[in-house]
There are 2 protein chains.
Amino acid sequence: MELPKETLHGKWYDDACGTAFALEVIGERWALLVVRELMLGPLRFSDLRGGLPGISAKILTERLAGLERAGVVQRRQLPPPAAAQVYALTEWGLLAEPAIQELGRWAARSPAHDPQLPLSPVSLMMSLRTMLDRKAARDVTADVGFAIAGQEFRARLADRKLPIVREPVAGAEVIARAPQAALIAGAIYDGLDPADLTGLSITGDLRQWRRFARLFSLPPKVG
Amino acid sequence: MELPKETLHGKWYDDACGTAFALEVIGERWALLVVRELMLGPLRFSDLRGGLPGISAKILTERLAGLERAGVVQRRQLPPPAAAQVYALTEWGLLAEPAIQELGRWAARSPAHDPQLPLSPVSLMMSLRTMLDRKAARDVTADVGFAIAGQEFRARLADRKLPIVREPVAGAEVIARAPQAALIAGAIYDGLDPADLTGLSITGDLRQWRRFARLFSLPPKVG
DNA sequence: CAGAATCCCATTCGATACTG
DNA sequence: CAGTATCGAATGGGATTCTG
């Protein structure tokens, strides 16, 4: 039997540079996207697959094992009666968020970036944290629920911070519901009127939704 | 004849998330390290190889072609009599610096990171820009020359900013010379006395060197 | 020296099928 | 659901050769 392939080769680059070490940990295909999916909380194997269109069970298994060896991911046994296994980021894994955000922010500035591709609910939530205009968000508070393709999130804006957690939307000031994340992206980043987007429904304080949505914008393209 | 293999597959991940697009551009092995090496200015093919221990000519050729197609790198023909070809980052490529820095900063917090591996001169210079303590640097100015393994850089600290350019060291307030970057890293990050590091020489205003060196520190490890 | 082209092998990927 | 097993295809990377 072969060794289970090590993500942490340690000899990939033979370079003391931190960036090189980061690439040894999350530089394999899919690895960083797995981390992204876990950024908003633990997930089960099949939920991970759901957020990563196209990843195979084999590769996901390998990546999770590698990330676990590297100390980015932890496997957790949920107590009965759930009896399910979930994958969670470690403390260090959680700290990767700024790096993920900077990569996203950078890529979004390329004219070649196509924002029309499928978008996972987590991607959209993460993009809100990335693209929040913190100047404009000064003195704004909001409690917004998102229900996207069966997943529920709660974003609470205060003090220019925007924590987002997996949590039932019930009780939020505004709730956005959509079968796909792209609809909500259209309403926020393209400034489209929610009424024009079939499938999207905004319930609750609509005025508050508009105020919230205006706080996000994509970075300008270069060139 | 085959298509020259596209770095910009566009179908790698099929994901609108900016991070996923970034990975399509710089997610292949070595790609981001090539970008790192170019971050301080254009280089020739063989200089790139020098800073990337272990990359083969074939792979470097492929990555440069892919990065050029993606709009990260530009090929430039130097005017005669130089008659050399160099690779430079595009405007967008240059904007990748924060992402590279965040990845490095994150990786440096892992207990598993081994800073004893070989370090390219560019890596060290980039790490200074990353690890500068901008609070401590308030009201400090400095003009420091680095001559490492034949490459010369000039770092000018002012207004908490630290531009570093390839430029002769002559005329700087302090000049650090060393055959390998690791020696200078030891003097800065490990706080070692330059006098104890054989091969390292600091000339010029030594007091200024100490003030400068104290402005840099590695992030705390997690766990 | 600066690459492009070729050959070749090891590793990795990804689709499908299978199992507890 | 949560993975394993398997296999063909794609990619990675070393060595060598060829060119300007």
Side-chain angles (χ1 to χ4, degrees), chain A residues 1-14 23-24 26-34 37-38 42-68 73 75-78 80-88 150, chain B residues 1-15 23-24 26-34 37-38 42-69 73 75-78 80-88 150:
Chain A
M1 178 174 152
E2 286 304 312
L3 281 177
K5 200 199 57 134
E6 315 196 16
T7 287
L8 211 47
H9 313 69
K11 297 185 52 193
W12 256 37
Y13 292 121
D14 191 34
L23 293 175
E24 290 183 1
I26 47 76
E28 284 180 303
R29 192 144 153 53
W30 293 107
L32 193 57
L33 298 186
V34 171
E37 283 299 307
L38 294 176
L43 286 177
R44 287 172 306 169
F45 192 88
S46 44
D47 297 325
L48 276 167
R49 286 198 74 172
L52 300 169
I55 196 172
S56 70
K58 176 194 179 184
I59 296 300
L60 180 53
T61 302
E62 286 180 10
R63 290 302 167 271
L64 287 169
L67 290 169
E68 190 177 7
V73 159
R75 196 180 295 240
R76 283 194 206 150
Q77 207 58 241
L78 252 41
Q85 186 169 218
V86 296
Y87 296 89
Chain B
M1 177 173 151
E2 285 305 312
L3 281 177
K5 200 198 56 136
E6 313 197 16
T7 287
L8 211 47
H9 313 68
K11 296 186 50 192
W12 254 39
Y13 293 119
D14 192 32
D15 189 326
L23 293 176
E24 291 184 1
I26 49 74
E28 285 181 304
R29 192 144 151 55
W30 292 108
L32 193 58
L33 299 186
V34 170
E37 283 298 308
L38 294 176
L43 286 177
R44 287 170 306 170
F45 191 87
S46 44
D47 297 324
L48 276 167
R49 286 198 73 173
L52 267 9
I55 198 173
S56 70
K58 178 191 179 184
I59 297 303
L60 181 53
T61 301
E62 285 179 10
R63 291 301 168 271
L64 287 169
L67 290 169
E68 191 176 7
R69 264 197 310 279
V73 159
R75 197 179 292 241
R76 282 193 205 152
Q77 208 57 241
L78 252 40
Q85 187 169 217
V86 295
Y87 296 89

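First the proteins, then the strands, lettered A, B, ... as listed; each starts at 1. FYI, side chains are in, hydrogens and waters are out, and symmetry mates aren't considered; it's all heavy atoms of this structure. In this text the structure is predicted, and so the values were computed from the model without any measurement.
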Nearest-Å distance, [atom1] ([X]) to [atom2] ([N])?
X       : N      : atom1 : atom2 : answer
A/Arg29 : D/dG12 : CZ    : P     : 10 Å
B/Glu62 : C/dA5  : CD    : C1'   : 11 Å
B/Leu60 : C/dA5  : CG    : P     : 15 Å
A/Tyr13 : D/dG12 : OH    : C1'   : 11 Å
A/Ile59 : C/dT16 : CD1   : P     : 15 Å
A/Ile55 : C/dT12 : CD1   : P     : 15 Å
B/Leu52 : D/dG14 : CG    : P     : 12 Å

Distance-minimising heavy-atom pair for [X] and [Y]:
X       : Y       : answer
B/Val86 : B/Pro42 : CG2-CB, 3.9 Å
B/Leu38 : B/Tyr87 : CD2-O, 3.3 Å
A/Tyr13 : A/Glu24 : N-OE2, 3.2 Å
A/Arg29 : A/Arg63 : O-NE, 2.7 Å

- Side-chain N,O (A/Trp30) to OP1/OP2 (C/dT12) below 4.0 Å: no
- Task: Give a yes/no answer on whether the side chain of A/Arg63 brings an N or O atom under 4.0 Å of OP1 or OP2 in C/dC13.
- Result: yes
- Query: Less than 4.5 Å apart, any side-chain heavy atom of B/Ile26 and any of B/Val34?
  - Reply: no
For nucleotides 2-4 of chain D, print each protein N/O atom paired with a nucleotide N/O atom at under 3.5 Å, atom names and distance only.
residue: D/dA2; atom: OP2; partner: A/Ser46; partner atom: N; Å: 3.1
residue: D/dA2; atom: OP2; partner: A/Ser46; partner atom: OG; Å: 2.3
residue: D/dG3; atom: OP1; partner: A/Gln85; partner atom: NE2; Å: 3.2
residue: D/dG3; atom: OP2; partner: A/Gln85; partner atom: NE2; Å: 3.3
residue: D/dG3; atom: OP2; partner: A/Tyr87; partner atom: OH; Å: 2.8

Out of curiosity, [X] [atom1] to [Y] [atom2], how far, rounded to the nearest 0.5 Å?
X       : Y       : atom1 : atom2 : value
B/Glu62 : B/Glu28 : CD    : CD    : 8.0 Å
A/Leu64 : A/Arg75 : CG    : CZ    : 7.0 Å
A/Thr61 : A/Phe45 : OG1   : CZ    : 3.5 Å

- Message: Over the length of the helix from C/dC1-D/dG20 to C/dG20-D/dC1, how much do the five-pair end axes diverge, rounded to 10 degrees?
- Response: 30°
Without placing hydrogens or testing angles, list every side-chain donor-acceptor pair under 3.5 Å for residues 48-59 of chain A, not counting sequence neighbours.
residue: A/Arg49; atom: NH2; partner: A/Ile55; partner atom: O; Å: 3.3
residue: A/Ser56; atom: OG; partner: A/Ile59; partner atom: N; Å: 3.3

